[in-house]
Amino acid sequence: MSTVTEDGILGNTERHEIKELDSVTILFAGDSGDGMQITGSQFTDASVVFGNDISTFPDFPAEIRAPSGTLAGVSAYQLHFSNHDIRTPGDRVDTLVAMNAAALKKYLPELEKGGILIADKSGFGPNELKKVDYASNPLEDGSLSEYRVVQADITAQTIAAVKPAGLTGRNAERCKNFYTLGIAYYLYDRPLEPTFDEIRKRFAKKEPVIAEANIAAIQAGYNFAHTIELFKVTYRVRRAVFEPGTYRNISGNLATAMGVAAAASRSGRKVFFGSYPITPASDILHELSRLKHFGVLTFQAEDEIAAVASAVGASFGGILGVTCSSGPGIALKSEAINLAVMTELPLVVIDVQRSGPSTGMPTKTEQADLLMALFGRNSDSPIPVIAPATPGECFECIYEAARVAVKYMTPVMFLSDGYLGNGAEPWKIPDAAALKAFNPSWGLDPAGFKPYARNPDTGARPWVPVGTPGLNYRTTGIEKAENSGGISYDPENHQRMTKARFDKVAKIAQEIPATPVFGAQEGDLLVVSWGGTYGATLTAAETVFAQGKKIGHVHLRWLNPLPPDLGSILKRYKKILVPEINVGQLAYHLRGTYGIPVESYARIRGKAFTVGELVTAYHAQLPQGA
Amino acid sequence: MSTVTEDGILGNTERHEIKELDSVTILFAGDSGDGMQITGSQFTDASVVFGNDISTFPDFPAEIRAPSGTLAGVSAYQLHFSNHDIRTPGDRVDTLVAMNAAALKKYLPELEKGGILIADKSGFGPNELKKVDYASNPLEDGSLSEYRVVQADITAQTIAAVKPAGLTGRNAERCKNFYTLGIAYYLYDRPLEPTFDEIRKRFAKKEPVIAEANIAAIQAGYNFAHTIELFKVTYRVRRAVFEPGTYRNISGNLATAMGVAAAASRSGRKVFFGSYPITPASDILHELSRLKHFGVLTFQAEDEIAAVASAVGASFGGILGVTCSSGPGIALKSEAINLAVMTELPLVVIDVQRSGPSTGMPTKTEQADLLMALFGRNSDSPIPVIAPATPGECFECIYEAARVAVKYMTPVMFLSDGYLGNGAEPWKIPDAAALKAFNPSWGLDPAGFKPYARNPDTGARPWVPVGTPGLNYRTTGIEKAENSGGISYDPENHQRMTKARFDKVAKIAQEIPATPVFGAQEGDLLVVSWGGTYGATLTAAETVFAQGKKIGHVHLRWLNPLPPDLGSILKRYKKILVPEINVGQLAYHLRGTYGIPVESYARIRGKAFTVGELVTAYHAQLPQGA
Amino acid sequence: MTPTTTPAPAKAFTPQDFHSGLIVRWCPGCGDYAILAAVQKVLSERGKAPHEYAFVSGIGCSSRFPLYMSTYGFHSIHGRALAVATGVKAAAPSQEVWVITGDGDCLSIGGNHFIHALRRNQDLKIILFNNEIYGLTKGQYSPTSRKGLVNKSAPYGVIDEPANPLRLALAAGATFVARTADNDMAHMTEVFRRAAAHKGSAFIEVLQNCVIFNDKVFEEYYGVKTRKDTLIYLHDGQPLLYGKTVERGLRLDGFSFSSVEASGEAKIHVHDEHESTGALANALAGLTHPDYPVPLGVFRQVERPAYHELMYEQVDAARKAYGEPDLAKLLKGPKTWTVS
Amino acid sequence: MTPTTTPAPAKAFTPQDFHSGLIVRWCPGCGDYAILAAVQKVLSERGKAPHEYAFVSGIGCSSRFPLYMSTYGFHSIHGRALAVATGVKAAAPSQEVWVITGDGDCLSIGGNHFIHALRRNQDLKIILFNNEIYGLTKGQYSPTSRKGLVNKSAPYGVIDEPANPLRLALAAGATFVARTADNDMAHMTEVFRRAAAHKGSAFIEVLQNCVIFNDKVFEEYYGVKTRKDTLIYLHDGQPLLYGKTVERGLRLDGFSFSSVEASGEAKIHVHDEHESTGALANALAGLTHPDYPVPLGVFRQVERPAYHELMYEQVDAARKAYGEPDLAKLLKGPKTWTVS
Ligand SMILES: Cc1ncc(C[n+]2csc(CCOP(=O)(O)OP(=O)(O)O)c2C)c(N)n1
Ligand SMILES: Cc1ncc(C[n+]2csc(CCOP(=O)(O)OP(=O)(O)O)c2C)c(N)n1
Ligand code: SF4
Ligand code: SF4
Ligand SMILES: [Mg+2]
Ligand SMILES: [Mg+2]
């Protein structure tokens with residue numbers, strides 16, 4: 001057995017065919033208790049360490065522990081890995097691992113015809129079949145003839161495999177996900193050692209038995225596949241070519257949390273993070289609660305209003321207030337966000353969007369809070385809105401949001417979503433030292449101090465740390481006189497102050513670099529996207545452009561203000577198309593801003609676009625036969 | 001003295017010249033304690049009873065009792081009365097009554113050159129002058145030479161006049177507003193008797209001394225003006241020609257409250273009115289609290305969220321939930337409004353808009369909550385939005401809002417504003433019996449009952465009164481399966497349900513009659529307005545149309561859905577202009593909806609447009625010299 | 001606690017009649033199952049049909065409860081169950097309205113509605129599933145979590161002093177305040193019966209075990225083996241006695257209790273649910289493990305008019321004073337003029 | 001109440017130094033004027049300069065208070081004063097933060113923040129201007145308005161049971177709870193001094209007369225002429241005595257007080273601000289006119305670590321455990337690979 005690992009690395013060249021593939025999508029699906037998220041992450045880690053590009057999409061049930069065997073209880077992890085730059089977790093699945101009947105029922109439609117299905121027989125007992133209304137066992141009734149089915153009693157084999165390590169019963173059974181992982185590793189020619197190391201590191205001290213059992217299970221699965229030549233052909237996906245640098249795998253929520261910590265340590269002022277838990281945003285709170293030494297004060301408030309109001313108070317106090325939620329919570333925060341607009345205090349509002357309206361489908365993704373971000377406050381209340389395109393970009397964007405909030409003395413809305421927040425990708429680790437420090441000291445001279453004087457470059461008022469001698473001032477949500485900040489009901493002053501608040505946000509355009517356009521620089525169709533649909537919309541545009549169409553693609557990071565060059569770019573195309581996971585909010589915003597026709601491709605299904613459907617949608621907007 | 005009243009009615013023809021005028025704007029201004037609101041309303045009542053058309057605008061200080069003599073403490077009441085159809089409280093003031101120096105300072109800029117100024121000398125003592133930074137007494141230093149100034153020690157004369165009635169000291173002084181009223185009545189040839197009657201009715205029983213004193217004060221002011229021939233010329237504004245009918249004077253907030261009461265008594269189901277007080281919306285709560293016998297259950301909640309959530313609960317219970325606030329409160333309600341969207345329950349949300357953002361200028365008007373009404377909720381959340389054009393129209397519109405909410409099972413947003421809510425106009429009393437009753441019973445048969453089945457005509461689901469045997473069902477803010485209403489995370493179901501919610505709101509277009517266009521039916525410029533700017537925007541359009549320009553005017557009552565014929569109307573003009581008291585929200589909405597260029601005339605000064613500025617704005621959009 | 005005599009049911013219902021048929025989806029072993037069973041059992045005995053009840057909840061694991069009931073049900077939004085229920089009760093005053101809520105839902109985001117609904121004595125039966133954790137969002141601390149508890153959002157331990165739900169309820173003016181435990185079916189059903197019979201705001205805290213995120217948090221004192229020594233069961237008019245052999249009791253010393261041998265001399269305090277000032281209930285609500293036995297049962301039960309009664313009284317009074325509503329007259333108002 | 005000894009001020013300030021210069025705009029005769037004067041007087045004695053204070057308020061007549069102070073000030077939004085103050089204190093832990101709030105602002109819309117800020121023992125001095133009415137919005141009833149009160153939003157009388165702010169504060173876990181009155185400058189200043197000296201959440205209810213919308217609502221018991229008979233002043237360690245000739249006192253009968261002749265025999269209860277269970281303060285907070293004398297003074301004062309201390313302790317502990325934050329290390333995480 002000592003050679004197997006090497007075998008894995010070298011490939012089983014002698015014994016069977018190995019086929020080179022450019023990319024593969026594998027989906028692990030099972031009951032919530034089956035450990036599919038762990039299996040998926042392990043496979044992901046093995047792939048990134050090997051050097052593939054990856055994109056992942058975990059799909060949890062809404063319940064904590066949904067009843068086992070039901071459709072609602074299925075937990076899945078989709079991984080797309082490749083030898084080239086990829087940006088989506090894959091449209092269709094090449095290999096499906098189904099630990100029970102429910103998993104099969106739910107995900108079979110995603111499996112390519114001719115794809116591989118690995119099924120645990122023991123999850124297809126009469127009970128399991130009944131729970132999901134299978135009249136007969138699909139593993140036996142011939143209905144899966146179009147797929148390459150590999151079935152084994154994985155549960156029983158796992159139990160046998162881990163017995164020597166000393167594990168029995170329920171605990172032994174729990175290792176079956178690692179057994180499957182072994183099979184998958186064999187199939188895709190992954191090295192085992194890194195996973196073994198990882199397992200040892202994690203469990204060896206506290207639970208050496210578990211560690212040994214897990215390793216034994218992986219090895220057994222691997223051997224099983226190897227020995228009985230389960231697969232006539234195995235596959236290999238070579239390393240992708242990455243920009244040189246040091247990489248890690250990162251999820252959007254983790255990147256966001258690290259960006260906040262970076263802002264705290266590079267801004268020269270602490271960060272106050274006021275939050276109330278909500279799916280899918282809570283992980284940011286969890287991460288930051290562990291990063292207190294970076295100068296992040298986390299405050300789990302009694303509700304969302306207290307979360308944002310305390311953050312506004314902290315910003316008044318002189319450290320940066322950040323608050324975080326998802327749609328329903330952001331709605332609740334709107335009144336207090338407006339207080340920051342009116343008092344002109346910095347504030348970062350993180351919205352990890354989810355499917356709605358109301359409670360909606362909390363574990364599903366959507367990018368439908370754009371118009372709420374822009375307009376969801378009483379009266380004329382401008383705030384900048386920024387949206388990351390990928391999990392890794394969350395870091396850069398949240399740092400940018402914090403920097404702009406402070407520089408312009410304004411709340412900034414950061415729109416992530418469940419897809420970005422939970423999804424992961426390889427991330428080139430940025431140089432911490434190169435992050436621009438920001439610590440504004442403008443306007444803080446007690447001589448001639450005016451709390452509402454404006455910095456001519458930014459339109460921002462001074463940011464006063466409470467307690468500074470000589471700068472005592474009062475602020476209020478009531479309209480204020482220019483410069484002095486005293487209460488004013490003067491009509492002309494209100495007009496000027498309203499304009500000043502809008503001008504300030506408009507000035508942020510000076511922070512936006514020229515907009516890169518992919519593909520045709522003018523022509524028939526410009527696709528405009530924002531947020532988490534970046535990968536799919538661009539990949540589809542690449543496909544259509546490669547087919548010789550006059551198609552361009554622009555992805556927006558700032559939604560307010562829009563890039564200053566966007567208006568002129570839009571004019572260079574006959575048609576504009578905005579694909580969005582909402583009813584067409586950016587399309588409306590572009591029309592509303594530029595007064596030009598904009599087409600919308602809107603799908604509201606709580607999940608990401610597939611590249612395939614977008615290719616079709618682009619073609620539908622292009623001249624026929626052109 | 002017994003002839004004086006007749007004198008008033010007949011006019012003082014023998015003694016001096018009487019000039020006929022088409023319309024007059026008079027503004028009463030004094031300290032908060034000076035009773036200017038009463039003086040203004042009395043003059044208004046006298047004018048409507050006489051038969052003029054009127055439009056009023058009360059302007060309160062933000063404080064309950066601001067320190068006397070200061071600018072912040074000035075309380076004013078502006079009245080525009082005329083012999084023809086008018087719609088605004090007047091651009092410029094013909095006669096200004098200033099009870100003290102602060103009142104003069106604040107409102108002199110509004111007075112026409114050559115206009116009349118009636119000033120109480122005793123309000124111009126050294127103290128009063130100092131409080132508002134007058135270096136010298138304007139009544140004496142010649143600075144008012146461009147106006148016709150009438151000054152008297154009104155305070156002293158009042159005290160003398162009411163002494164016989166038995167009033168002295170502070171109480172006597174308090175009658176000085178009635179003395180001024182007497183002067184104004186003389187000047188504008190108003191009958192005194194109706195006011196006397198009113199005073200007697202109000203005070204005679206409880207405080208006969210007050211009644212007599214007030215009457216004596218009015219009479220004394222009238223006599224003073226008459227006797228000493230204060231005015232060489234007095235004025236007369238003839239009756240306006242009204243549509244036949246019975247009229248009353250009404251404010252927007254009162255009309256709104258009565259509309260809710262009407263909905264309660266005509267809908268066949270009660271109304272639950274959950275509210276939390278806020279300026280300028282509280283009066284609706286006050287009025288409805290007195291109308292419990294109409295089947296209105298008023299509930300002063302602990303906060304806005306409880307106010308709206310309880311209203312949603314009431315609608316679930318089976319009676320119509322109505323909630324009411326102004327901008328900051330509406331922002332707080334957004335999450336719970338979304339619950340009504342998602343559960344598809346009827347709900348009427350009244351927003352009496354005020355100047356913002358945040359606390360803003362709470363006593364000033366603005367129409368800047370439009371985009372919040374449309375989009376201020378998480379995710380794709382369509383709700384219909386209706387806005388009254390005049391105080392009287394509030395009645396009709398809120399009734400319509402209630403009817404539509406129930407018919408389509410949706411929240412409806414009703415956008416009034418401070419200008420409409422507090423302003424008053426003559427109102428032709430509608431026929432109560434002619435109000436269409438509405439009491440939906442669709443879908444309530446226990447056989448085949450499906451809580452989320454849809455009425456094919458409206459897209460509405462059944463409205464179940466809780467407690468009905470056989471219709472027990474559960475609802476939730478989570479996405480629901482079509483028909484059954486069970487929880488569903490199915491992507492395609494979510495897409496269909498989202499569409500169904502939008503379609504339902506879109507169907508309300510069938511309730512909207514063809515849009516009348518004033519003026520040119522096609523041509524150079526179409527002015528589009530909404531809400532309380534109706535009067536000013538239309539009057540300005542009449543002026544410019546009368547000058548021979550190809551200008552049309554459309555006023556929108558429904559902002560969502562927009563009238564089905566609006567798109568084609570917009571196409572008939574070279575330019576579209578939207579004047580709004582916000583930064584251009586309807587203009588953005590029209591661009592966002594139709595993808596066409598729309599110009600915006602946006603002024604954010606917490607007050608209504610003047611007709612004059614709009615005329616100028618329209619001309620700026622019209623071809624030069626055309 | 002004095003057992004209540006339930007009137008003979010008009011129609012016989014089974015607990016099953018109160019089940020909506022939806023598969024119950026709490027984690028295996030979750031305390032919520034037992035509470036659901038207890039409620040369904042109690043309702044089945046009361047003679048009212050499912051359509052005569054409405055269950056309202058917010059969001060949380062516990063808040064899915066109404067979906068499992070065959071009654072009217074509203075699974076609303078986080079924290080607003082009591083506000084929503086206020087409207088339901090006003091709209092349908094003869095409906096019996098139960099509110100299901102969690103320690104987060106009720107005491108964190110919903111804290112304001114909690115104190116106000118109790119203050120107004122709204123006729124709602126409120127069951128607080130207190131698991132001292134946010135379950136649905138996967139394990140953050142809640143307002144009832146104990147100081148020092150380490151969890152997802154407090155990796156270095158909770159620094160917030162925990163809230164005392166019963167004391168808050170009492171201070172807010174609740175007219176019925178009780179506590180029971182998810183592992184004691186007999187006690188739960190008896191408390192629910194009492195709550196159902198109470199007119200006005202009935203507040204019941206259920207110690208509810210979350211097997212996933214806060215397992216065994218009550219075990220030390222509510223564990224079946226030791227509980228006779230660590231819990232004290234309240235019975236109206238009975239001395240405050242406890243212990244395996246009923247050998248201990250609570251004696252009043254000034255304003256505080258001492259746990260003493262229930263020997264002949266010791267003056268054991270007698271429980272009085274109706275004690276006028278609320279001070280007794282307040283003192284009992286302050287007793288915590290391990291210094292004292294933890295009380296279970298009805299702490300307080302007093303009568304005051306329920307909110308919906310007063311609300312409808314005013315409507316009726318207005319009807320009496322002004323007669324049938326005359327819309328035409330309302331529209332006319334006090335002063336009109338006619339143009340012909 | 002035991003007078004506190006104030007340390008000799010480092011620099012001499014006058015009350016005028018604490019005035020922002022803005023014209024004070026409450027109605028003539030409003031009780032708010034006296035409270036403002038009392039606060040300015042107390043602050044002027046304490047040696048701290050205006051910039052060392054921050055005053056935070058919501059919206060209401062009372063909430064304009066910070067605008068009149070020369071300190072840092074935040075006149076925020078309705079109901080959120082305590083939430084905003086939470087952030088201010090966290091950001092600037094050495095700042096002394098006072099919160100000014102009204103019965104509407106604090107107990108109605110702000111009720112949730114109220115109970116949670118007190119529970120956490122946030123180091124805030126909270127003055128509740130209780131005028132039993134919404135002043136700024138012109139006279140609707142508030143959560144403390146008495147049942148039956150007729151006003152704008154309750155033309156047929158209020159049907160809500162009034163809230164007891166002190167009992168709620170106690171139940172929430174406030175470590176300093178007091179009551180004073182706007183017509184008693186000496187008492188007010190003494191209570192404010194005590195609150196200022198307290199570390200942790202200090203809650204003070206001030207009976208404040210609104211001359212416009214609820215005039216004389218406290219007159220019956222706090223009126224200067226009769227108050228010796230209708231109020232009882234609390235002094236730590238002193239018997240609960242009152243009356244013009246100190247002829248009456250409160251005796252403890254089980255859980256409730258009786259007002260008795262303070263003759264030799266009657267055992268008058270001795271006030272104890274630090275009584276461990278909070279039951280004494282709770283009982284005193286329940287005494288209402290006319291059945292009892294209304295207590296003024298400090299009901300309760302106990303020590304617990306303040307929230308900002310615990311918060312910063314965790315930050316310091318993390319620093320100690322992990323050393324200076326190493327951003328580069330954080331970004332790298334546990335597992336990387338390098339492409340060259
Ligand atoms: C407005 C809003 N904020 C936050 C959430 C997320 N959320 C749902 S349930 C919950 C807490 C649940 O805790 P608890 O009420 O104790 O119920 P349990 O799950 O423990 O039964 C939270 C924070 C939400 N759904 N809506
Ligand atoms: C979100 C919001 N809701 C309502 C209001 C209106 N409002 C302002 S102050 C107030 C109540 C004031 O009462 P209280 O707090 O007792 O202060 P007082 O004026 O009596 O001092 C209300 C309802 C508001 N400004 N904002
Ligand atoms: S997470 Fe806890 S409370 Fe929620 S269902 Fe599971 S065991 Fe029950
Ligand atoms: S309304 Fe009342 S509380 Fe407000 S300033 Fe006037 S007297 Fe004071
Ligand atoms: Mg819980
Ligand atoms: Mg008040």
Side-chain angles (χ1 to χ4, degrees), chain C residues 79 107-116 118-121 143 147 154-173 175 252 254-257 269-270 272 275-283 285-287 304-305 307 309-311 313-315 317-318 321, chain D residues 79 107-116 118-121 143 147 154-173 175 252 254-257 269-270 272 275-283 285-287 304-305 307 309-311 313-315 317-318 321:
Chain C
L107 298 172
S108 201
I109 188 169
N112 204 30
H113 314 307
F114 177 61
I115 58 179
H116 288 284
L118 295 181
R119 168 169 79 81
R120 295 193 195 100
N121 200 31
K147 227 166 173 167
Y156 304 126
V158 172
I159 61 174
D160 302 34
E161 190 76 17
N164 184 324
L166 296 182
R167 280 207 160 164
L168 277 172
L170 290 164
T175 51
L252 190 59
F255 267 106
S256 47
F257 282 115
H269 199 80
V270 171
D272 177 6
E275 184 266 325
S276 65
T277 69
L280 169 59
N282 178 71
L287 303 182
R304 352 195 210 112
Y307 196 72
E309 293 173 347
L310 298 171
M311 196 174 211
E313 263 173 29
Q314 288 201 336
V315 173
Chain D
L107 297 173
S108 200
I109 188 169
N112 204 29
H113 314 309
F114 177 60
I115 58 179
H116 288 284
L118 296 180
R119 169 169 80 83
R120 296 193 194 99
N121 200 32
K147 228 166 170 165
Y156 303 126
V158 172
I159 60 174
D160 302 37
E161 190 75 17
N164 183 324
L166 297 182
R167 280 209 160 163
L168 277 172
L170 290 164
T175 51
L252 191 59
F255 267 106
S256 45
F257 282 114
H269 198 79
V270 172
D272 176 7
E275 184 268 323
S276 65
T277 69
L280 169 58
N282 178 73
L287 304 182
R304 299 203 249 131
Y307 197 72
E309 293 174 346
L310 297 171
M311 195 175 213
E313 261 173 30
Q314 289 201 334
V315 174

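Throughout, a chain's letter reflects where its sequence line sits, starting with A, and its residues are numbered from 1.
The contact between D:Phe257 and chain C is made entirely by side chain atoms (from C-beta outward), counting heavy-atom distances below 4.5 Å. If you measure heavy-atom distances from C:Leu170 to chain D, you find no contacts under 4.5 Å at all. Both the backbone and the side chain of D:Ala163 come within contact range of chain C, judged by heavy atoms closer than 4.5 Å. Only the side chain of C:Glu275 comes within contact range of chain D, with at least one heavy atom under 4.5 Å from a heavy atom of that chain. Looking at C:Leu118, there are no atoms closer than 4.5 Å to chain D (heavy atoms on both sides), in backbone or side chain. For a residue to count as touching a neighbouring chain, one of its non-hydrogen atoms must lie under 4.5 Å from one of that chain's; by this rule D:Leu168 touches chain C with backbone and side chain alike. Residue contact with chain C, scored on non-hydrogen atoms closer than 4.5 Å, is absent for D:Leu166. Interface residue C:Leu252: only side-chain heavy atoms are found under 4.5 Å from chain D. Looking at D:His269, the atoms closer than 4.5 Å to chain C (heavy atoms on both sides) all sit in the side chain, from C-beta outward. C:Asn121 does not touch chain D: none of its heavy atoms, backbone or side chain, sits under 4.5 Å away.
Looking at C:Gln314, its side chain does come within 3.5 Å of a backbone N or O of D:Gly157 through a donor-acceptor pair. The backbone N or O of D:Gly110 sits nowhere less than 3.5 Å from a side-chain atom of C:Asn112 that would complete a donor-acceptor pair.
Heavy-atom pairs under 4.5 Å with chain D peak, among C:Ala283, C:Ala321, C:Pro143, at C:Pro143. Ranked by heavy-atom pairs under 4.5 Å with chain C, the list D:Leu107, D:Asn164, D:Leu287 is led by D:Leu107. Heavy-atom pairs under 4.5 Å with chain C peak, among D:Ile109, D:Leu310, D:Asp160, at D:Asp160. When C:Arg120, C:Met311, C:Arg119 are compared by the number of non-hydrogen pairs under 4.5 Å with chain D, C:Arg119 comes out ahead.
Here the CG-CZ distance, from C:Asn282 to D:Arg167, works out to 7.0 Å after rounding to the nearest 0.5 Å.
D:Leu280 approaches C:Phe255 most closely through the heavy-atom pair CD1-CE1, 3.4 Å.
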